[in-house]
Amino acid sequence: MIGLIAATAAGRRAATELAEALGPDDCRLYQGPVGESVRTAFAECTQLVCFLATGATVRLLAPLLAAESSDKHTDPGVVCVDESRRFAVALLGGHEGGANELAARVAAALDARPVITTATDATAVPGLDTLGLPVSGDLAAVSRALLDGDPVRLVGAELFPLPALPANVTPDAPADAPTIVVGDSLVPEGDVPTVRLFTPSLVVGVGASKGAPAEEILGLVHAALTDAGLDPRSLHSLASADAKAEEPGLLAAAAELGVPVRFFTADELATVAVPNPSDAPLAALGTPSVAEAAALLAADAAGTAELLVPKRKSAPEGRAAMATVAVARRAVRGRLAIVGLGPGARDLLTDRARTELRRASVVVGLDQYVDQIRDLLRPGVRIEATGLGAEEERARSAVRLAQQGLAVALIGSGDAGVYAMASPALAEAGADIDVVGVPGVTAAMAAASLLGAPLGHDHVSISLSDLHTPWEVIERRVRAAAEADLVVTFYNPRSRARDWQLPKALAILAEHRDAPATPVGIARSVSRPDEWHRVTTLAALDPAEVDMFTVVTVGNTASREVAGRFVTPRGYRWQA
Ligand code: SAH
């Protein structure tokens, strides 16, 4: 039973609504003096929601907690909701009393925000079921141990790029501790609560005669895996020869298994060295192997993967076999997330970026960007922060760590692909790692929202930094943008050592624009505490107002200042 205690009219309204949402049969509304109500409800209910200030609630609870009968393991969980329903605070009994969970339910029902302060929930232990892997086993028991900080044994951590895990999760926890097993092997049921995470590591190569029935292929796939001690839930894909691309039984088997099929040409298959070549496919298709060669090729492009099960034939009763399979294991694939943090303000960091920061076990970035998001990282995450100028080293080290099979987040301000880390990293990265990009709000966009609507028509960004780009190239691009009447946003516009480039670039634009009538927006430290911006004109701009934390946006011939805002019309015709 959930006891609801309210002191004011607004509180009683909220309590009634909450009871509706949680199910009136599960709730009891306490009327009358709140002290009395809290005491009674504390004795009668398993959980309490107090529509009272936390201070008042703490005072009322204190004597109850000091009493002999009070017990941390059995006391009710208590949630407080403020008068204007902004917050649902888990006050007491976060885990065992269920207050954390209740706060989340109350918040959802009343459109409030849950406030949860117990360490493990606040730092969000990764949900074992949120990693995108098939999961089985005693999720509840293992998650509880994880949250309560009890020892949890981790087996096979190196087989999948896991996020940073709390310190209580270790390979050398006692054997009778709740266990997480990562991998693709069949594990016998044991006595300890165990969660299995199935890595997508198995590829089955399939050879099939024309008309081979799906059941025959399915039976053979299943037998080949389980006889070898492999769990079918780790199946990543099937592979075959492209002569079989329309084979109904093969396609039906893949659909039934819920995995894709990759097809290779006979020439591709023929290049792979296999243990059991044979003459039949050589005559029919032009490759001495289908099942083994396709499994090996699909598992890794070089065809050098580990063959776990050599070619094996089906054994249907009373007729010739129509299917062969072989099983190969894919190498561990690291994960590189390239994450844009936005221009600075926390609320311009996307939810997806947040999720990726928590998905990582290593974060690589410029020290000042790491500081910007340090509080969002999981405890135990490895941080590789380096200073300005170490861009290539950062990119290379992020890729190297991912190649080691880790979950890496490479961070950058704004969008990490705009004058930032994504391109140097991907120039180094091979096909052996998974790459996930998370877009961020780039400086030009953040500045535009501040200035008005300067990017309403075609526009470009140009970096004025001639550290990596010869000035002639930059100048050619500025001239092209000027001639093409594009709105231009300059990144890296000016520093102490580079002060002549901006005036030069503006002069080129002025050759093609009416300088006194062309709006120019200057936006510095957008969305940061020292944010500053101004709309001026191409004729009046003072370069001294521009530094390295600034972008400068210059209008096209149709851009205008309207009520102090920089506006570029979407078209030319309607404007006239
Ligand atoms: N990846 C970043 C750009 C890096 S280049 C992005 O997408 O925004 C660095 C330049 O970006 C700075 O010299 C400045 O011109 C611009 N910049 C970055 N953050 C900014 C901010 N908050 N306000 C204004 N300009 C910014």
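As the structure is a prediction and not an experimental result, all values here were calculated from the model. Each ligand, and each atom within it, is numbered from 1 in the order the structure gives.
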Item to check | For atom 11 (O) of ligand 1, closest protein heavy-atom neighbour | outcome: Tyr491 CD2, 3.4 Å

Next on the checklist: So, 4.0 Å and heavy atoms of Pro493: is ligand 1 close enough to count as a contact?
Outcome noted: yes

Item to check | Mode of Ala443 contact toward ligand 1 - side chain, backbone, both, neither (heavy atoms, under 4.0 Å) | outcome: both

Item to check | Protein residue, atom and distance nearest to atom 2 (C) of ligand 1, heavy-atom basis | outcome: Ser413 O, 3.3 Å

Item to check | Protein residue, atom and distance nearest to atom 25 (N) of ligand 1, heavy-atom basis | outcome: Phe549 O, 3.3 Å

Checklist entry - Is any N or O atom of Ala420, backbone or side chain, closer than 3.5 Å to an N or O atom of ligand 1? => result no

Checklist entry - Is Ser525 touching ligand 1 with its side chain, its backbone, both, or neither, if touching means heavy atoms under 4.0 Å apart? => result backbone

Checklist entry - Val473 versus Trp471: any side-chain heavy-atom pair under 4.5 Å? => result no

Checklist entry - Does one side chain, of Asp466 or Thr469, offer a donor that lies under 3.5 Å from an acceptor on the other? => result no

Item to check | No-hydrogen, no-angle side-chain donor-acceptor test under 3.5 Å, Ser463 and Asn492 | outcome: yes

Checklist entry - Among protein heavy atoms, which sits nearest to atom 13 (O) of ligand 1, and what does the distance come to when rounded to 0.1 Å? => result Met548 O, 2.6 Å

Checklist entry - Hey, which atoms in ligand 1 end up nearer than 4.0 Å to a heavy atom of Tyr419? => result 4 (C), 5 (S)

Next on the checklist: Any nitrogen or oxygen of Thr550, side chain or backbone, less than 3.5 Å from one on ligand 1?
Outcome noted: yes

Checklist entry - Does Arg494 reach the main-chain N or O of Pro543 with its side chain, forming a donor-acceptor pair under 3.5 Å? => result yes

Checklist entry - Gly414 heavy atoms, cut-off 4.0 Å: which ligand 1 atoms fall inside? => result 6 (C), 7 (O), 8 (O)

Next on the checklist: Quick one, Val487 and His457 - any side-chain contact, counting heavy atoms below 4.5 Å?
Outcome noted: no

Checklist entry - Less than 4.0 Å between a side-chain N and a carboxylate O, is that true for Arg113 and Asp82? => result no

Next on the checklist: For the 3.5 Å polar cut-off, considering only N or O atoms, please tell me whether Arg524 and ligand 1 meet it.
Outcome noted: no

Item to check | Residue-ligand contact Gly412/ligand 1, heavy atom below 4.0 Å | outcome: no

Checklist entry - So do the side chains of Leu357 and Arg354 get within less than 4.5 Å of each other, counting heavy atoms only? => result no

Next on the checklist: So, regarding Val526 and ligand 1 (criterion: nitrogen or oxygen to nitrogen or oxygen, under 3.5 Å), is there a contact or not?
Outcome noted: yes

Checklist entry - Nearest protein heavy-atom contact for atom 5 (S) of ligand 1: which residue, which atom, what distance? => result Asn492 OD1, 3.8 Å

Next on the checklist: Salt bridge or not between Asp432 and Arg333? Use side-chain N to carboxylate O under 4.0 Å.
Outcome noted: no

Item to check | Nearest neighbour of atom 6 (C) of ligand 1 from the list Thr442, Thr489, Leu348, on a heavy-atom basis | outcome: Thr442

Checklist entry - Among all protein non-hydrogen atoms, which one is nearest to atom 1 (N) of ligand 1, and what is the separation to 0.1 Å? => result Val418 O, 2.7 Å

Checklist entry - Which atom pair, heavy atoms only, marks the closest approach of Arg394 to Gly387? => result NH1-O, 3.0 Å

Checklist entry - Side chain, backbone, both or neither: which part of Ala523 has a heavy atom under 4.0 Å from ligand 1? => result backbone

Item to check | Electrostatic pair Arg335:Asp434 at N-O distance under 4.0 angstrom | outcome: no

Next on the checklist: With side-chain hydrogen bond (donor to acceptor under 3.5 Å, both in side chains) as the criterion, how do Asn556 and Ser559 come out once you've worked through the C-alpha distance, each side chain's angles and the decisive distance to 0.1 Å?
Outcome noted: CA-CA 5 Å; Asn556 66 15; Ser559 302; 3.1 Å; yes

